[in-house]
Amino acid sequence: MSELPSKTQFARISDGFSPDPLNTSSLKAEAYVDPAWHQVDLNEILAKNWQWVCHVEKLRAPGSFVTVEIGNRPIAVVRDREGTLRAFYNVCKHRAHHLLSGEGETTRIMCPYHAWVYKLDGQLVRAPETENLTGFSTSDICLDQVQVEEFAGFVFVNLDNDARSLTEVSGDLQTEIRHWAPDIEDLTFGHRLTYDIKSNWKNVVDNFLECYHCPTAHKDFCDLVDMDTYKVTTYGIYSSHMAEAGKNSNTAYDVSNATVRTHAVWWLWPTTCLMRYPGRSSMIVLNIIPVGPDRTLETYDFYLETPEPDEVELEAIRYLDEVLQREDIDIVESVQRGMSTPAFTQGRIVHDPSGSGKSEHAVHHFHGLVLDAYAKAAP
């Protein structure tokens, strides 16, 4: 286990950063390459903020469950028999074996190691061969719960039981999402893309939050949307990225018959990105999963009007997978390599006061949230 940053490192990690986006530098390279800062990210950012789990459709039925890892910690989310959504550490209270695997439906939670059985509310009800133990009662044992919340058609968890609700801390985000995607809860899972990226998760977020690089790196995308209408707005713990669909033909995918004409994207601190691309009604969820100081996993889940993508959606999935993602992965992996050299300490933030997509003010906003978390963690 790597040591946490020293008091001196905490004191100087914010050097060069200013609240003024017109006169500031970025996060320092050490925040992206030093394993000590990755441990802070897991403990102070991932474990203390709301993390996306799934669409509500996976957890509608009593007994339905989903398992995930949040900051390398195993979590199970369950709909109990009374319809209450619950989340626990997916760890048996006997010898710490995992309990549930994957996703599905169940009437109970039974440990596959020694067959201890828990109700769906986490209460232990059966422990074989414990009848003769002194001072032991199943009623005294319950799985450790974590916070869980339904939000804008999705399920989120927070490992910090003292954290405020996502609805409370996210301001108008849910209202904004439901305005642009009023059918979000009726959409259904259609496809998943997965990626294993040789880059720190913060580089992945940085790249997502600005389209300053789009005219150079994403020429197809710049025809898919009308870049003159691209606006980025930052709020407390999220930012919105809005543009109209391009008016002419493009080389990404055909949007000439699109019923949804607005490219509406939201980034929610720290690792969730919700995207509504031009086409049929849909929602794409990008889940950014920090694995190591120089490794990040990504999942792209496509929620559609029907379980099977139509021809335009298949082409959009192909474009995102084979073109846009390939371009972005090459970018962030190159940046990670560059940050690992002595040639880079931090760079200047480029800001357009008009809020253009070709501006890095949302990156600056993200860096401020990272540094706020680091300040709270400082010894």
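When all heavy atoms of Thr296 and Asn200 are compared, the pair lying nearest together is OG1-C, 3.3 Å. Annotation for Leu124 and Val117: closest pair CD1-O, 3.2 Å, computed over non-hydrogen atoms.
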Going through the distances and angles, do Lys58 and Glu103 end up as a salt bridge (charged side-chain N to carboxylate O under 4.0 Å, His left out)? CA-CA 8 Å; Lys58 280 191 177 180; Glu103 58 188 60; 3.0 Å; yes
Apply salt bridge (charged side-chain N to carboxylate O under 4.0 Å, His left out) to Asp310 and Arg280, showing your working. CA-CA 9 Å; Asp310 66 15; Arg280 279 201 305 176; 3.1 Å; yes
Salt bridge (charged side-chain N to carboxylate O under 4.0 Å, His left out) between Asp196 and Arg295, intermediate numbers included: CA-CA 7 Å; Asp196 193 334; Arg295 184 176 175 223; 2.7 Å; yes
Do Lys376 and Asp372 pass the salt bridge (charged side-chain N to carboxylate O under 4.0 Å, His left out) test, and can you show the C-alpha distance, the side-chain angles, and the key distance before you say yes or no? CA-CA 6 Å; Lys376 291 175 184 176; Asp372 285 347; over 6 Å; no
For a side-chain contact (heavy atoms from CB on, under 4.5 Å) check, start with the C-alpha distance between Leu324 and Tyr319, then their side-chain angles and the critical distance, and finish with the verdict. CA-CA 6 Å; Leu324 190 61; Tyr319 163 68; 3.7 Å; yes
What's the verdict on side-chain contact (heavy atoms from CB on, under 4.5 Å) for Thr8 and Arg12, showing C-alpha distance, side-chain angles and the deciding distance? CA-CA 6 Å; Thr8 301; Arg12 61 181 174 80; 4.3 Å; yes
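A ring-centre distance under 6.0 Å is found for Tyr374 and Trp37. For an aromatic pair to be called close, the ring centres must be under 6.0 Å apart, and His213 with His218 satisfies this. Between Phe221 and His263, the ring centre distance stays below 6.0 Å. A centroid separation of 6.0 Å or more is found between the aromatic rings of Phe208 and Phe366. When ring centroids are compared, Trp116 and Phe136 come within the 6.0 Å threshold.
The shortest distance between side-chain heavy atoms of Glu327 and Val323 falls below 4.5 Å. Taking the side chain as every heavy atom from C-beta outward, Tyr32 and Asp206 approach each other to under 4.5 Å. Under the 4.5 Å side-chain criterion, counting only non-hydrogen atoms from C-beta, Leu166 is in contact with Val169. Taking the side chain as every heavy atom from C-beta outward, Cys92 and Tyr118 approach each other to under 4.5 Å. Ile317 is listed as a side-chain neighbour of Leu193, based on a closest heavy-atom distance under 4.5 Å. The side-chain heavy atoms of Glu30 and Gln9, taken from C-beta on, include a pair separated by under 4.5 Å. Using a 4.5 Å heavy-atom threshold, the side chains of Leu173 and Phe151 count as touching.
With 3.5 Å as the limit, one finds no donor-acceptor pair spanning the side chains of Ser199 and Arg337. Under 3.5 Å, the side chains of Tyr303 and Glu57 contain no donor-acceptor pair of N or O atoms. Side-chain atoms of Gln336 and Asn203 include a donor-acceptor pair closer than 3.5 Å. A donor-acceptor pair shorter than 3.5 Å cannot be found between the side chains of Glu3 and Gln39. Between the side chains of Ser18 and Asp20, no donor-acceptor pair is found at a separation under 3.5 Å. Under 3.5 Å, the side chains of Ser354 and Ser356 contain no donor-acceptor pair of N or O atoms. Tyr238 and Glu176 share a donor-acceptor pair across their side chains, judged by distance under 3.5 Å alone.
A salt bridge is defined here as a Lys NZ or Arg NE, NH1 or NH2 lying under 4.0 Å from an Asp or Glu carboxylate O, and Asp144 with Lys93 meets this definition.
Linking Ile, Leu, Val, Met, Phe, Trp and Tyr residues whenever their side-chain heavy atoms come within less than 4.5 Å places Trp267 and Ile349 in a single cluster.
The side-chain contact (heavy atoms from CB on, under 4.5 Å) test with Met283 is passed by exactly one of Leu274, Asp183, Asp301: Leu274.
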